[in-house]
Amino acid sequence: MSTSPFAVPRAPYAEDPAKSRGRRYQEDESRTRTPFARDRDRIIHTSAFRRLKEKTQVFVAHEGDQFRTRLTHSLEVAQIARSLATALGLDADLAETIALAHDLGHPPFGHAGEDELELQTKEFGGFDHNVQTFRVVTELEHRYPDFVGLNLTWETLEGVIKHNGPVIHKLGQPSWKAISKYDGEYGLKLDTWASAEAQVAALSDDIAYNNHDIDDGVEAGLFTLDELMDVPLIGPILAAVRSERPELDARITRLEAVRRMIGAMVDDVMGETLQRAAITGVASADEVRALPHALVSFSSDMLEDLARLREFLHARMYRHWRVNRTRSQARRILAEMFTLFLAEPEVLPSEWFAKSQNRDQAGRARVVCDYIAGMTDRFAIEEHRKLFHLDVWS
């Protein structure tokens, strides 16, 4: 009987759901799901997750429904994370869960929206989308009768807040006050790396956005396939596709090159991670946390190629005049709404107005920020119109 190539032995440093550190509020375990799978399902059912469908990745939702949104990006990250975790012998449910959750705190209009909320709240504690994601899953979502938040496992919460590495150095920032407070009550080991599964989710994010931004950039006409030929990583892959399959049209050529680039990046992470595991001899999840560096990583050669690819994308896509124009419009929309809501909280919807009462100015600013951060692109545009243009009510 042949052995399936997908039957990878469980790595000794994988997280074991049976040994989870548990949840902040005691609950009976599910009869049908592991704790990490249960976390995943709770995230999928949140309002914040559904709203990702109309939140900007690079292009605002109304610019075309063929481009990625935060939701489709999160799904692509989760797919890569699950596959990569499985191939490395890690817990695929935990990696997928953290991947699905990682962008829940993003405001409308992508990084432009985040930059504007950071500016508007600078004197009131600031804004950070990673902190906002943590607040979404621990306090802003209210779906259960016995607690606020989702009551996720310790391992998922740890991965949500430090999948990119230790964050202890950030606790002095005003925007990280919520994390500092939570850590004081429910320690998350903020001075260490997170689990290998969380690190897989972080690298999967890099793999997903570098590839789909190439796809979307060409689709949007911001640059051409020919202009990618001299760019490291994608250029040689694109040349190989054209050489091997000259009969393919431009669209299929692009998609095949992106598919191969995803494969190359996944293979690189696997090779580098297994090499690091062998060198360090890690034998448990806690030993992964104790390492002075990440266990899951790209190779140095891949990091160099990715740096040059990002330089190209920044110059030709993220700072393209069309994207800049949308970014400028988006920031004005959020700035004007924030200023109005803070000065006149009575124009907030009744639920949010009630939350703003009996608070100092910083507290009211946080309520306004939470309201705006939860908006989709489309809702923010419509809300702005209703607030500043009387004719839309007719």
*Asks:* Grab the two heavy atoms, one from L84 and one from S204, that are nearest each other, plus how far apart they are.
*Replies:* CD2-OG, 4.3 Å
*Asks:* Is there any side chain to side chain donor-acceptor pair (under 3.5 Å) pair reaching into residues 303-313, and which pairs are they, with sequence neighbours excluded?
*Replies:* Y209-R310
*Asks:* Supply the atom-to-atom distance I262 CD1 to H212 NE2, rounded to the nearest 0.5 angstrom.
*Replies:* 9.0 Å
*Asks:* Around R21, counting heavy atoms of other residues, nucleotides and ligands shown, do more than 12 lie under 6.0 Å from its CZ?
*Replies:* yes
*Asks:* Closest approach of G113 and P107, non-hydrogen atoms and distance?
*Replies:* C-CG, 3.7 Å
*Asks:* Drop me the distance from Y186's OH to T138's OG1, to the nearest 0.5 angstrom.
*Replies:* 11.5 Å
*Asks:* Cut-off 3.5 Å, side chains only: do Y13 and D286 have a donor facing an acceptor?
*Replies:* no
*Asks:* Name all residues meeting the ring-ring contact (aromatic ring centres under 6.0 Å, His included) criterion together with H384; count only those two or more places apart in sequence or in a different chain, and write none if there are none.
*Replies:* F388
*Asks:* Is there a side-chain contact between S195 and E155, using heavy atoms and a 4.5 Å cut-off?
*Replies:* no
*Asks:* If hydrophobic clusters are built by linking Ile, Leu, Val, Met, Phe, Trp and Tyr wherever their side-chain heavy atoms come under 4.5 Å apart, do V131 and M375 end up in the same one?
*Replies:* no
*Asks:* Could you state the interatomic distance from CD (Q275) to OG (S297), rounded to the nearest 0.5 Å?
*Replies:* 10.5 Å
*Asks:* Apply the test salt bridge (Lys or Arg N to Asp or Glu O under 4.0 Å) to residues D370 and R135: give CA-CA distance (whole Å), side-chain angles for both, the deciding distance (0.1 Å), then the verdict.
*Replies:* CA-CA 10 Å; D370 286 343; R135 293 183 62 239; 2.7 Å; yes
*Asks:* Could you tell me which non-hydrogen atom of P236 sits nearest to which non-hydrogen atom of V231, and how far apart they are?
*Replies:* CD-O, 3.8 Å
*Asks:* Could you tell me whether the side chain of H106 and the main chain of D103 form a donor-acceptor pair under 3.5 Å?
*Replies:* no
*Asks:* Given side chains that start at C-beta, do those of P166 and T192 come closer than 4.5 Å, heavy atoms only?
*Replies:* no
*Asks:* Give the minimum heavy-atom separation between R327 and A112, together with the two atoms involved.
*Replies:* CG-CB, 3.1 Å
*Asks:* Mind checking whether M261 and I214 have side chains closer than 4.5 Å, heavy atoms only?
*Replies:* yes
*Asks:* Short question: side chain of R51, backbone of G374 - any donor-acceptor pair under 3.5 Å?
*Replies:* yes
*Asks:* Output the distance between atom CZ (R254) and atom CG (L225), rounded to the nearest 0.5 Å.
*Replies:* 7.0 Å
*Asks:* Carefully, step by step, assess H102 and H129 under the rule ring-ring contact (aromatic ring centres under 6.0 Å, His included).
*Replies:* CA-CA 9 Å; H102 84 284; H129 83 266; 8.1 Å; no
*Asks:* Could you tell me which residues satisfy salt bridge (charged side-chain N to carboxylate O under 4.0 Å, His left out) with E272, sequence neighbours excluded, listed by chain and number?
*Replies:* R276
*Asks:* Please walk me through it: do Q329 and R332 pass side-chain hydrogen bond (donor to acceptor under 3.5 Å, both in side chains)?
*Replies:* CA-CA 5 Å; Q329 293 172 325; R332 286 198 302 275; 5.9 Å; no
*Asks:* Should R251 and E256 count as an ion pair when the cut-off is N to O under 4.0 Å?
*Replies:* no
*Asks:* Is there side-chain contact between Q132 and L117, with heavy atoms separated by less than 4.5 Å?
*Replies:* no
*Asks:* Is there side-chain contact between D216 and M317, with heavy atoms separated by less than 4.5 Å?
*Replies:* yes
*Asks:* Are a donor atom and an acceptor atom from the side chains of R364 and Q361 found within less than 3.5 Å of each other?
*Replies:* no
*Asks:* Got R40 and R82 here, is their nearest side-chain heavy-atom distance under 4.5 Å?
*Replies:* yes
*Asks:* Should the pair E383-K386 be classified as a salt bridge under the 4.0 Å nitrogen-to-oxygen rule?
*Replies:* no
*Asks:* Going by salt bridge (charged side-chain N to carboxylate O under 4.0 Å, His left out), name the residues that satisfy it together with R316, two or more places apart in sequence or in a different chain.
*Replies:* E227
*Asks:* Please find the pair of heavy atoms, one from A380 and one from I333, that lie closest to each other, and give the distance.
*Replies:* O-CG2, 3.9 Å
*Asks:* Any donor and acceptor pair, going by atom type alone, linking the side chain of T72 with main-chain N or O of T69 inside 3.5 Å?
*Replies:* yes
*Asks:* Go through K55 and D377 one step at a time and tell me if the salt bridge (Lys or Arg N to Asp or Glu O under 4.0 Å) criterion holds.
*Replies:* CA-CA 5 Å; K55 289 196 176 189; D377 297 355; over 6 Å; no
*Asks:* Can you tell me how far the CD atom of E76 sits from the CG atom of D215, to the nearest 0.5 Å?
*Replies:* 8.5 Å
*Asks:* Do the non-hydrogen side-chain atoms of N151 and Y144 ever get within less than 4.5 Å of each other?
*Replies:* no
*Asks:* Would you please say whether a donor-acceptor pair under 3.5 Å links the side chains of D39 and T97?
*Replies:* no
*Asks:* Here's one to test your reading of the geometry: is the NZ or CZ of R366 within 45 degrees of the ring axis of Y371 and under 6.0 Å from its centre?
*Replies:* no
*Asks:* Do the charged groups of R289 and D191 touch, with an N to O distance under 4.0 Å?
*Replies:* no
*Asks:* With no hydrogens and no angle check, is any side-chain donor or acceptor of D183 less than 3.5 Å from a backbone partner on L188?
*Replies:* yes
*Asks:* Taking R331 first and then E114, would you say they form a salt bridge - that is, a charged N and a carboxylate O separated by under 4.0 Å?
*Replies:* no
*Asks:* Do Q120 and T339 have side chains that approach each other closer than 4.5 Å (heavy atoms only, starting at C-beta)?
*Replies:* yes
*Asks:* Please list all pairs meeting ring pair (Phe, Tyr, Trp, His ring centres under 6.0 Å) that have one or both residues in residues 16-37, counting only residues at least two apart or in different chains.
*Replies:* Y25-F147
*Asks:* Indicate yes or no for a side-chain donor-acceptor contact from N211 to the backbone of I207 under 3.5 Å, with no hydrogens or angles considered.
*Replies:* yes
*Asks:* Is there a salt bridge (Lys or Arg N to Asp or Glu O under 4.0 Å) between R378 and E382 once you walk through the steps?
*Replies:* CA-CA 6 Å; R378 195 179 306 277; E382 290 301 314; over 6 Å; no
*Asks:* Examine distances only and state if a side-chain atom of Q199 and a backbone atom of A194 form a donor-acceptor pair shorter than 3.5 Å.
*Replies:* yes
*Asks:* Which pairs of donor and acceptor atoms, one on a side chain in residues 340-359, lie under 3.5 Å apart (sequence neighbours left out)?
*Replies:*
| residue | atom | partner | partner atom | Å |
| --- | --- | --- | --- | --- |
| S356 | OG | F353 | O | 2.6 |
| R359 | NE | K355 | O | 2.4 |

*Asks:* Quick test of your reading of the model: are D91 and R10 salt-bridged, counting only N-O distances below 4.0 Å?
*Replies:* yes
*Asks:* Give a yes or no answer on whether the side chain of T46 reaches the backbone of F49 with a donor-acceptor pair at less than 3.5 Å.
*Replies:* yes
*Asks:* Give a yes/no verdict on a cation-pi contact between R24 and Y182, requiring under 6.0 Å between NZ or CZ and the six-membered ring centre and an angle within 45° of the axis.
*Replies:* yes
*Asks:* Between T326 and R322, does any side-chain donor sit less than 3.5 Å from a side-chain acceptor?
*Replies:* no
*Asks:* Ignoring hydrogens and geometry, is there a side-chain-to-backbone donor-acceptor pair from T156 to L152 under 3.5 Å?
*Replies:* no
*Asks:* Nearest 0.5 Å, what's the OG1-CG distance between T34 and L94?
*Replies:* 9.0 Å
*Asks:* Please determine whether residues I179 and L150 belong to a single hydrophobic cluster, defined as Ile, Leu, Val, Met, Phe, Trp and Tyr linked transitively by side-chain heavy-atom distances below 4.5 Å.
*Replies:* yes
*Asks:* For A257 and L238, work out which heavy atoms get closest and say how close.
*Replies:* CB-CD1, 3.9 Å
*Asks:* Keeping the roles fixed (side chain from S175, backbone from F127), state whether a donor-acceptor pair exists under 3.5 Å.
*Replies:* no
*Asks:* Counting only N and O atoms by type, is there a donor-acceptor contact under 3.5 Å from the side chain of R50 to the main-chain atoms of H45?
*Replies:* yes
*Asks:* Show the numbers, then the answer: is there a side chain to side chain contact (heavy atoms under 4.5 Å, CB included) between D268 and M265?
*Replies:* CA-CA 5 Å; D268 183 83; M265 293 175 75; 5.5 Å; no
